[in-house]
Structures are given as C-alpha cells and as structure tokens.
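Encoded as structure tokens, here's the structure I'll be asking about.
Nothing here was measured: the structure is a model prediction, and the numbers come from that model.
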Amino acid sequence: MALQIWQQTVVTRLFSNVPATFGNVMVDSTATDLTSEQTTSIFLRLSLNITYTVEYQTLGSAYNILVSEIEYKLLNEFSTRTRSAVFLRVTQILPGVQLDLVFVLDGTGSVGATNFEKMKTFVQKMISDFDLGPEATRIGVVVYSNRASLEISLDAYDDQEALQDAVADIAYPGGYTLTGAAIDYTTTFAFSTRNGARDGVRKVAVILTDGVSYDDPAEPAQSMRKAAIITYAVGIGSNLDRDQLDVIAGVPDNLFVLDDFSMLDNLRTTLPTQVCDASTSEQILIRIVITSVRFDVSLLNGNSTEFQTLFAQINRAVSCVLDLFSAPL
C-alpha cells in the first residue's frame, strides 16, 4: 500500500508513529509525499495492491463485472460520512497464469542423437505456447540418462528467443536409463527455490522416455506429487514399460503414448491446454485507488480516533474484497 498526503512537511514526524500494519493493510510511512501547507484539513491518496488467487475457469471475460463488484464492496464498508469524502476506483485487474514447468528429457543411448533433436524441437515449440516472465510461466529443462543434469533452470530466461536458443544448445549425453533417479533429481534440485521455483506457484513436470528404466520410478514419482508437482508421462516408441509409465503419470489423463518421435508434434495440440487446465488458479493483481476530498488534520496522528476509524474501514473493505473472491463468481 502506498500512501500520499498533502500537508505541511512537519507532519512526517507525526506520521512516523503510525502502526505498520492493520490486518490486511500495510502502511509504508516512507511513501508519504507532503507537498503543500494547510491548517485544518488534509487530502489523502491511498493505493492498495492486492494479489489474490482465484479459480482460473471462473473469471472468463467477467472482469468488467468484477471491477464493479469490487468497487461496490469496498465503498459499502466506509461510513456514510467517510464515503462522501472518498473517491474510489479499481484501476486495474491483471490476470496471468503462473506456472513453473520443467521438461525432463530422455537422453539415453536408445533415443539416439536424431530423436533427441526432435525432443528439443518439441520443447522449443512448446515454449512458444506460454507467456514467460517472473509473474507468468517459467520453464526449465532436465536431461537424464544414467545421471541427470539441470540444463536450464527455471529462472534462467524470461525471453522466448533466448530460451529456445538455450534448448538448441543442449548436448545429447547418451548412457543408460535411470528414470527414477531423474525424477528425484528434478523434485529436489530443478524445483528448488535456489533454481528459480516460486512459492505458491503451480508446478508441472513433463517426463519423456523411450524405454524401460533400470530403477523403479514409482516411489520417486509419488514423492514428486507429494511435493505438489503435477506429473505428465510421455512414452515414445515400442520398448516401453506401461506399468512404469502409469506410476510416473499418476492418473490416466496425464499419460501420453506415442508410436515414434515424429508424433511429438501432435502432442502440441493437447498438452499445453492440459497443462494450463491443470494450473487451475490464476493470480490477479488488483490496484485500488482511494482519493479523499478532505480529512481532518488529526488523521496524521496514528493514535487518533480519526486515523484508527479510517483504517479500520479500509481493512474491512479489503477483507470484504477477499471474501468476494472466496465465493463463486
């Protein structure tokens, strides 16, 4: 929350006594801007930023309706006297799917260099289906055979072209298949916060393999899901262990079986949508501006009744907005 007050400069010392938080509202006294001198009244501009998670499917195109609902809910929480002195509007609602997505690519000897390139091309095309950025989707890549390697961390690239170039530069390792170890590595390392994973953001792993693993992937896949990572299994070719693929995917809808690597392109018609649908929440940023017509100068004293009353109303209003999102829209 940013707060601007037009009043004589001396009130900075008074405003430094303001408590830092009021329920959902945080006051930053360093954001005060005191630019003109008056004796009996002040003019106040209050900006609230609320980030909240709502069901992705429920909003659709209803943002205009949502704006009106928020403004009504907010203003209704102010007293009649305060309401007459406040101009309130919701300035912006910004939707955006936040997703941490890691591709886990089979780089074993049975895949071969040519098919490994086809997997990389598939990942590059998938990248173009997502909006990248710190507030949107982050994409990482793990390559595995008898060992796993984090080739691209989740926080490495926010630019589409740079990320695709980085995928193109990944070398084919060769080796034998330890899918379980690769899944463990992805859970603990690729999805770690030090490598760009974000708290509170939906996490998805897409695991591609063309053969039978020498280790059992069942327990690592279960541990991955316990870590709140959604798993997708993509089996390619005829040398597959269906039981292993089932335990990697977890549920039938998250399993894809392809006859050969040339069919990866067909997967682009279904997998991006399914991955986004799995990310069933949407972060929205609500920017609310409250501009007063006039308040008594006593508002500048954080211990005054006027200050406590106003911020109690603001806190109730913010809580009311959060309640709005907790109910079906």
### Query
Is the closest side-chain heavy-atom distance between Q244 and T179 below 4.5 Å?
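Sidechains of T179 and Q244: no contact.
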### Query
Hey, does L132 have a side-chain heavy atom less than 4.5 Å from the side chain of R138?
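No, side chains not in contact.
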### Task
With sequence neighbours left out, write down each residue that passes side chain to side chain contact (heavy atoms under 4.5 Å, CB included) with D253, or none if nothing qualifies.
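In terms of side chain to side chain contact (heavy atoms under 4.5 Å, CB included), with neighbours along the sequence ignored, D253 is linked to Q274.
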### Query
Can you find a pair of side-chain heavy atoms, one from V143 and one from I170, that are under 4.5 Å apart?
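Sidechains of I170 and V143: in contact.
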### Task
Please report the closest heavy-atom contact between G174 and N146, naming both atoms and the distance.
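Closest approach of G174 to N146: O-OD1, 4.1 Å.
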### Task
With sequence neighbours excluded, give me every salt bridge (Lys or Arg N to Asp or Glu O under 4.0 Å) pair touching residues 108-120.
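Applying salt bridge (Lys or Arg N to Asp or Glu O under 4.0 Å) to every pair that reaches into residues 108-120, excluding sequence neighbours, yields E117-K120.
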### Task
Please name all residues satisfying salt bridge (Lys or Arg N to Asp or Glu O under 4.0 Å) with D216, sequence neighbours left out, ordered by chain then number.
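By the salt bridge (Lys or Arg N to Asp or Glu O under 4.0 Å) rule, D216 matches no residue at all.
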#### Entry: Validation row: V104, I183 side chains within 4.5 angstrom (heavy atoms)
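Of all side-chain heavy-atom pairs linking I183 with V104, none is under 4.5 Å.
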### Message
For L240, give me all partners under side chain to side chain contact (heavy atoms under 4.5 Å, CB included), at least two apart in sequence or on another chain.
### Response
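So L240 forms a side chain to side chain contact (heavy atoms under 4.5 Å, CB included) with L245, V257.
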### Query
Do the side chain of Q124 and the main chain of V167 share a donor and acceptor less than 3.5 angstrom apart?
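Here the side-chain-to-backbone pair does not exist.
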### Query
Cluster question for you: counting only ILVMFWY and a side-chain heavy-atom cut-off of under 4.5 Å, with indirect links fine, are L105 and I230 together?
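Same cluster: L105 reaches I230 through Ile, Leu, Val, Met, Phe, Trp or Tyr contacts under 4.5 Å.
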### Message
Quick check: is F261 connected to V123 through a chain of hydrophobic side chains (ILVMFWY, heavy atoms under 4.5 Å apart)?
### Response
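Linked, V123 and F261 end up in one cluster.
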### Task
Please report the shortest heavy-atom distance between G180 and P220, naming the atom on each side.
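Where G180 meets P220 most closely, the heavy atoms are O-CB, 3.3 Å.
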### Message
Would T209 and I236 count as a side chain to side chain contact (heavy atoms under 4.5 Å, CB included) here? Give the steps.
### Response
CA-CA 6 Å; T209 182; I236 309 164; over 6 Å; no
### Within residues 139-155 or reaching into it, pairs that qualify as salt bridge (Lys or Arg N to Asp or Glu O under 4.0 Å) - sequence neighbours excluded
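As it turns out, there is no salt bridge (Lys or Arg N to Asp or Glu O under 4.0 Å) pair with a partner in residues 139-155 once direct neighbours are skipped.
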#### Entry: Close side-chain approach of I139 to T137, heavy-atom, < 4.5 Å
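The answer is yes, as the side chains (C-beta and beyond) meet within the 4.5 Å cut-off.
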### Task
Measure the spacing between CZ of F256 and CG of L264 and express it to the nearest 0.5 Å.
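Reported value, rounded in 0.5 Å steps: 11.5 Å.
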### Message
Run the side chain to side chain contact (heavy atoms under 4.5 Å, CB included) test against T108 and tell me which residues pass, sequence neighbours left out.
### Response
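Per chain and number, T108 pairs via side chain to side chain contact (heavy atoms under 4.5 Å, CB included) with D106, S110, V111, S145, T177, D210.
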#### Entry: ring-ring contact (aromatic ring centres under 6.0 Å, His included) contacts in which one or both residues fall within residues 134-167, not counting sequence neighbours
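Pairs touching residues 134-167 that pass the test: none.
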### Message
Between F191 and V102, does the side chain to side chain contact (heavy atoms under 4.5 Å, CB included) criterion hold? Intermediate values first, please.
### Response
CA-CA 8 Å; F191 280 105; V102 175; 3.5 Å; yes
### Message
Distance check, rounded to the nearest 0.5 Å: M126 atom CE versus T121 atom OG1?
### Response
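So the gap between those two atoms works out to 13.5 Å.
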### Query
Is the shortest distance from a Lys or Arg side-chain nitrogen in R202 or D100 to a carboxylate oxygen in the other one below 4.0 Å?
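Salt bridge absent between R202 and D100.
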### Task
Say whether, by atom type as modelled, one donor and one acceptor occur between the side chain of K203 and the main chain of R198 under 3.5 angstrom.
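Looks like yes, one N/O pair under 3.5 Å.
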### Query
Which residues pass the side chain to side chain contact (heavy atoms under 4.5 Å, CB included) test with V206, sequence neighbours left out?
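Side chain to side chain contact (heavy atoms under 4.5 Å, CB included) check on V206 returns L101, F103, V204, L208, Y232, V234, L271.
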### Query
Is there a side-chain contact between V247 and P217, using heavy atoms and a 4.5 Å cut-off?
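V247 reaches P217 side chain to side chain.
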#### Entry: Pairs flagged by ring-ring contact (aromatic ring centres under 6.0 Å, His included) wherever residues 192-229 is involved - sequence neighbours left out
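For residues 192-229: Y176-Y214.
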### Query
Taking Q160 for the side chain and F130 for the main chain, is one N or O donor matched with an acceptor at less than 3.5 Å?
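Flag set: sc Q160 to bb F130 pair under 3.5 Å.
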### Task
Indicate yes or no: at least one non-hydrogen side-chain atom of I152 is less than 4.5 angstrom from one of L163.
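A side-chain contact exists here, since the closest heavy-atom pair is under 4.5 Å.
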### Task
Enumerate the residue pairs fulfilling side-chain hydrogen bond (donor to acceptor under 3.5 Å, both in side chains) with a member in residues 180-193, sequence neighbours excluded, ordered by first and then second residue.
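Qualifying pairs, neighbours excluded: S192-N195.
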### Task
Determine which pairs satisfy salt bridge (Lys or Arg N to Asp or Glu O under 4.0 Å) with at least one residue from residues 237-252, sequence neighbours left out, and list them in order.
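Those involving residues 237-252 are R242-D246.
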### Query
Any side-chain heavy atom of R225 within less than 4.5 Å of one from T231?
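They are in side-chain contact.
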#### Entry: Those residues that, when tested against F116, pass ring pair (Phe, Tyr, Trp, His ring centres under 6.0 Å) (two or more places apart)
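Once residues adjacent in sequence are excluded, the partners of F116 under the ring pair (Phe, Tyr, Trp, His ring centres under 6.0 Å) criterion are Y172.
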### Query
Between OG of S153 and CZ of R194, what distance do you get to the nearest 0.5 Å?
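Between S153 OG and R194 CZ, I get 11.0 Å after rounding to 0.5 Å.
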### Query
Which atom pair, heavy atoms only, marks the closest approach of L154 to G140?
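Residues L154 and G140, closest heavy atoms: CD2-N, 3.5 Å.
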